[in-house]
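Input: a single structure, listed below in C-alpha cells.
No hydrogens, no waters, no symmetry mates; every other heavy atom, side chains included, goes into these values. Note that the coordinates shown come from a computational prediction; the quantities given were computed from them, not determined experimentally. To find a chain, count down the sequence lines: A is the first, B the second, and so on, and within it residues start at 1.
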Amino acid sequence: MRRLRARYMLFFLLPAFLMLSLSGLAHTINYALEEAPRGQVFWYYFKLGVQHILPFGVDHILFIVALCLPGNTGKAIFWQATAFTIAHSITLVLSMKNIVMVPAALVEPIIALSILFVAIENIFFSRLKPWRVGIVFLFGLIHGMGFASSLNEIGLPRNRFFTSIFSFNVGVELGQLTIIASMLAFILLPLQRQAMLKQKQWVTYSLSLLIGLVAVYWTVERVFFL
Amino acid sequence: MKKKAVYITTVLLFVVAILFVVIKYKKEVLREEYATYELLPRQGVLAQQEEWNVVKTNAATLLDKIKANPADKKSLLALSGIFIQEARVTGNHLYYDKAAMKYINKVLKADTNHFEALTLKALIQLSQHHFTEGLATAQRARIINPYNAFVYGILVDAHVEMGNYDSAIVNASHMIDIRPDIRSYARISYLREIHGDYAGAIAAMKLAIQAGIAGDETTAWSRVQLGHLYENVGDIEGAAIQYKRTLEERPSYAYALAGLARIATVKENYDTAITCYLQADKITRDFSFKEALTEVYELAGQKNKASEIAVALIETMSCNAEAAVGDENIGHYSDRELAYAYLNVNNEKKALEHALLEYNRRPNNIDANETLAWAYYCNGDYEKALIFIKKALRTNSKNPTLLCRAGLIYAKCGNKTAAKDALQYVLNTNANIAKALKTESIGIIQSL
C-alpha cells in the first residue's frame, strides 16, 4: 500500500511540476534556416540531435547506460527506450511551442536526480520492476525539457517547425540507439551467458555506482553552484 | 522485505529532493522579487566626476520614494533609467540590466501596456543583443504611442540590427520629423554610413554634436563616433582632434581613450596605445577594449600577454552568454564578438560556430554576414565566404574593414577585378584598419 502511495506521489508530483506556471521564455527563431530548403533544415537539426547525445550529452548518455544495465532482455530495453523517446518528444514539442515552460534551474537538477534514481534502482534490483517503464516515461518528460533548452539556443525556423523538431528527435534517437547498441555489443551480450552472471552483476553494480556518484556531483553542482 | 524498504526510502528521498529543488527555486524567485537594487559605487576616475554626486542623490531620492510606495511607477521607471545610463557609463550591464529589468517588469506586471516601461524594456533588450525581442517590444510601444521620437529611435536600432534597413530608414525619417535632436541625427549618420555615404554621415554626426550638450555622455559618444568616421575615411588627425576634444569635455571618457589608443596604434606608439586601452578598460567594461588590447600586445611583440587576454576574454563572454540561457533578464548574446575572439586565438572552428549562431539570429544584418564570411574565409571555405560577403555588401557600405575582407575573399575566388577595386579603394583612402588585415591586403593587391 505504501509502495503504491509512493508510486502515485511520483506520478502526480512530476506532472504538477510540469505545469508550474513561470515567466515565459519565448523560443528563439532561426531566421537563416527559414530561407533554407526542407532537406537542409532536416540535415541541420538531425546532426544537432545526434551531437546532443554523442558526444555532448554526457548526462543523457549516462542515463541511457543506466537504463540498459539491468535489462537482461532486449524487450525490456526496447520498452524503456520507447517510453523515454515518446516522453521526451512530448515535452520537447510542448516546450518549443511555449506550452510547457520550466526554467533550466529546475530541469537540470532533476535530470541529475533522475540519473541517480535509476542508478540506485539498478544497485538494489537486479531485475526490472514493471513500473520501471512508467518511471522512465516521467524522466523522459524532464529530459525533453533539457533538450528543449539547448535547442532554444540555436532556435527553430517558424515555417519548418515540425521538420526541425522531428529531425532533431531522429538525431537524438540515433544517438540513443548507438549507445544501446554499444551496450548490447560490449557489455550485455558478452555477459549474457549463465557462466558470466556474477561478472554481469559486478559490472552492473560498479557502473551504477559510478554513474550514481557522477549524478550526485551533478545534482549538488546544479542545485547550489549554477 | 529489506530491499522493498530501501526502494521505498529511495523513492521518498527522490520526492523530497525534487521538492527541495522546487522550493529552493521558488524561494530564489521570491527573493529576487523582493530584492532592491541600489547603485554600485563607481570606481576610479568615474567616482570623481561631478555628475556622480547628482546620480547618487537622484537614485537615493527615487529609492526612498519606492520604499514608501513600491507601486510608484514613475519612480520605478526613473530609477530604471538611471540604471540603464549607469550600465552604459560603467559597462556593468550584468548588474544594472538585471536591476532595471526588474523594476520595468514590475511596472509592466501592473500595466502591460505602459508605454515608457515598454520602451525601456526594448532598450535593454537591444543592449543585450536580444534584437528580435527588442523589436517586438518596441513595436508594441509604437502602437501605444506613435508620436514619440524615442520609440522610433529604438525601432531604427532594432531594424538595423535585424537587417531591415528600409524599415530603419522609414523609422529614422519619422523620428527626425518628430524631434530633430542628437539622437535622431546620430541615427541618420549611421544609416548614411552603412549606405556608403561618408560625407553625409559626417555632416549628420556634426549636427548631432551641435544638438547635444557638451560634456554629456550622449554628446561624448557622438563625438567619438565622428572620430571613428574620420578614421574610416583616412583622416587620422581629424579623428585624433575629436577624441581629444571629447576628453576635454568629458575627462576620462573610455571610448575617447580607446579612440586615442587606435590613433597611437596607427602611429606605432604601442606603449601609448596599451596605456590608453588599459585606462579605458579600467573605467568601463567593454569587450572591444580587451579585444583591441590583444592586437596591440601582439603588435608590440608581447604575444604571451596577448593570448592571456584573448583567452580570458573568451571566458568572460561565454559566461555572459550562458547567463542568457538561465535568465533572460541578464544574459548578453556575444556570438559575433566571440567569433572574432576565437579568430584571435586561431580557433577557426569555434569562430565559425559562433558566427553561424549570430547569423542564424539575424541573417539579413550586414555585420552578421561579414562575420560569417570572414569566419568561412579563415576556415579556408572561400566559396561560402563569397556568398555571405556579397550579402554584407548589399547596402554599398564603404567600411574599410569590410571592403578589405571582401577584396581578399574575391581574390581567393578568382574575381581579380572586384578584389582590386575593393582593396585599392581602402588602401587609397589610408583608412585605419587592423595592421594584419592591411598587410595581407597589400600582399594580395601586389600579387593581382
Side-chain angles (χ1 to χ4, degrees), chain A residues 2-10 12-14 16-17 20 22-26 28-36 44 102-110 112-114 116-121 123-126 129 131 135 142 149-150 152-157 216 219 222-224 226, chain B residues 2-26 28-29 32-33 101 105 109 130-133 136-137 162-164 321-329 331 333 335 353 355-365 368-369 372 388 391:
Chain A
R2 254 188 298 168
R3 192 183 70 194
L4 209 65
R5 209 179 301 148
R7 274 168 58 194
Y8 279 121
M9 270 183 82
L10 243 179
F12 284 114
L13 186 73
L14 288 180
F17 157 76
L20 267 176
L22 296 152
S23 62
L25 288 158
T28 323
I29 299 161
N30 192 318
Y31 290 96
L33 286 173
E34 286 189 347
E35 295 157 23
Y44 180 84
V102 183
L106 284 177
V107 171
E108 293 303 323
I110 296 178
L113 279 170
S114 71
L116 178 61
F117 185 89
V118 175
I120 293 174
E121 209 184 16
I123 294 169
F124 289 103
F125 292 89
S126 51
K129 297 291 166 194
W131 59 81
I135 289 174
I142 305 292
S149 78
S150 54
N152 204 22
E153 215 177 315
I154 310 289
L156 297 177
V216 169
T219 308
R222 291 173 188 187
V223 173
F224 298 103
L226 289 183
Chain B
K2 203 176 163 189
K3 276 192 173 180
K4 276 182 189 170
V6 171
Y7 191 80
I8 290 166
T9 315
T10 310
V11 171
L12 284 175
L13 283 175
F14 180 72
V15 172
V16 170
I18 290 181
L19 280 176
F20 173 77
V21 171
V22 174
I23 291 167
K24 186 176 176 286
Y25 176 77
K26 278 281 174 192
E28 270 165 25
V29 171
E32 178 60 30
E33 208 172 310
M101 202 61 120
N105 282 338
K109 207 174 167 183
H130 295 194
F131 302 121
T132 322
E133 295 86 346
T137 313
M162 293 305 294
N164 312 328
E322 268 169 35
V325 179
D327 185 345
E328 62 171 353
N329 293 333
Y333 288 143
D335 289 297
E353 214 176 89
L356 274 166
L357 275 175
E358 184 76 39
Y359 173 80
N360 285 342
R361 267 186 230 115
R362 41 190 196 131
N364 293 322
N365 177 276
N369 276 283
L372 185 55
F388 296 103
K391 270 182 92 176

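Heavy-atom minimum distance, B:P363 versus A:A32: CG-N, 3.4 Å. Taking each heavy atom of A:Y31 and B:R361 in turn, the nearest pair found is CD1-O, 2.9 Å.
Proximity to chain B (any heavy atom under 4.5 Å) is restricted, for A:I120, to the side chain, taken from C-beta onward. Heavy atoms of A:E35 lying under 4.5 Å from chain B belong exclusively to its side chain.
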N/O donor to acceptor pairs below 3.5 angstrom from side-chain atoms of residues 10-23 of chain B, sequence neighbours left out:
from  : atom 1 : to   : atom 2 : distance (Å)
B:T10 : OG1    : B:V6 : O      : 2.7

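To the nearest 0.5 Å, the span separating CD on B:E133 from CD1 on A:I29 amounts to 8.0 Å.
For A:Y44, there are no ring-ring contact (aromatic ring centres under 6.0 Å, His included) partners two or more places apart in sequence or in a different chain.
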